[in-house]
Amino acid sequence: MTTLVWDYKQEYENERDDILDAVDTVFRSGQLVMGKSVAGFEQEYAAYHGMKHCVSCDNGTNAIVLGLRAVGVKPGDEVITVSNTAAPTVIAIDQIGATPVFVDINESDYLMNVDQVEAAITPKTKCLLPVHLYGQCVDLAPLKALAEKYNLELFEDCAQSHGARQNGVLAGTTGKAAAFSFYPTKVLGAYGDGGAMVTNDDEVADNMRKLRYYGMAKQYYVVQTPGHNSRLDEVHAEILRRKLTRFDGYLAARRKVAQRYQEGLGDTELGLPAITEGNDHVYYLYVARHPKRDEIIERLKSYDILLNVSYKWPVHTMTGFEHLGYKTGALPVTEKLADQIFSLPMYASLTEDTQDKVINALREVLRTL
Ligand SMILES: *Cc1c(COP(=O)(O)O)cnc(C)c1O
């Protein structure tokens, strides 16, 4: 059987009865959109984070689009983020007519280099958008200080960091608001698309609730600001509620997989993920590094192992973002790492047998490179 970076079929086998019960519960409830399951999930997900509000929506990209609008980002504003991210982070900024501004990343943890942020602030800057990539948090204290000093919004992209902590504080609870994705591969994944924003700010939550519902305040059915249709379906909300009860178990399982990789590969020349001090990593992706990355990936195919690179093309080098005016060479660490990193299979239901197959194949490939 082909080994992939992510696969949900084992999880479905393990949880099938509960997932099917969730689907049946919704289908028999008489309400398929914006019913009890969405309300229940929002309450439970907010409570998990100790936050006042969770407002769900149809995917993580729209959680950023609507979330940025909800905190007041407007066309022409600049938003400081990174180029080593999933393209939707940047698409979301671009989509509301704001301008993404990139800083480079750290060579150690591949996350936003916060030392470069202050120099990137201009009179047009409105928001700092750190991406807690791969499952660990960007250094948030300096960003919070800069947001206060320059009167900026701090908005966290938590699409890869559900449950991650920094000095004990959960990802998504430091900034004005935070966006999550429940795309199936994510640390908390639905069986389809889903997203949410969390915030402690009543006005931001209210804005988001309107924006996902055409821009209407529900009770009046009058559009106040032209919005979107961006609702989470009941069926996904109910599945997410069930999975949230098992969530801490998923995190423990992922950490165990990471530990076995460390034990099985720690003595090779492969660069393994570095955990920055104070961080609890949730390993959305297990990202390794090697200068001969492409050759390793190619040779693993003969073992029926297909690996991915996240992300092979930094966003600022993509043709769709030429209008931002970045040239190759603008973000040297981002560009160098994009040629060296690759992801090993990582998900909570990954079996030890499959992991051993990956470890053994990698050891053999590395020995004969
Ligand atoms: C997955 C992801 C998104 C987008 O989420 P979707 O649910 O796929 O729209 C945004 N940012 C990051 C960092 C992601 O990994």
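When a ligand or atom number is given, it counts from 1 through the structure's own listing order. Since this is a predicted model, take the numbers as computed values, not measurements.
Between Q136 and the choices N279, D280, D109, the side chain to side chain donor-acceptor pair (under 3.5 Å) rule is met once, by N279. F180 pairs in a ring pair (Phe, Tyr, Trp, His ring centres under 6.0 Å) with only one of the listed residues (Y45, Y284, Y48), which is Y45. Of the candidates T3, V5, V257, L265, L265 is the only one forming a side chain to side chain contact (heavy atoms under 4.5 Å, CB included) with L344.
Classification of E156 and K176 as a salt-bridged pair fails, no side-chain N sitting under 4.0 Å from a carboxylate O. For the pair D18 and R242, the salt-bridge criterion is met [side-chain N within less than 4.0 Å of a carboxylate O]. Electrostatic pairing of E11 and K243 counts as a salt bridge here, judged by a charged N lying under 4.0 Å from a carboxylate O.
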Distances under 3.5 Å, N/O of ligand 1 against N/O of the protein: list each pair and its distance.
from     : atom 1 : to   : atom 2 : distance (Å)
ligand 1 : 5 (O)  : S181 : OG     : 3.3
ligand 1 : 7 (O)  : G60  : N      : 2.7
ligand 1 : 7 (O)  : S181 : OG     : 2.6
ligand 1 : 9 (O)  : G60  : N      : 3.3
ligand 1 : 9 (O)  : T61  : N      : 2.8
ligand 1 : 9 (O)  : T61  : OG1    : 2.5
ligand 1 : 11 (N) : T89  : OG1    : 3.4
ligand 1 : 11 (N) : D157 : OD1    : 3.4
ligand 1 : 11 (N) : D157 : OD2    : 2.9
ligand 1 : 15 (O) : Q160 : NE2    : 2.8
ligand 1 : 15 (O) : K186 : NZ     : 2.7

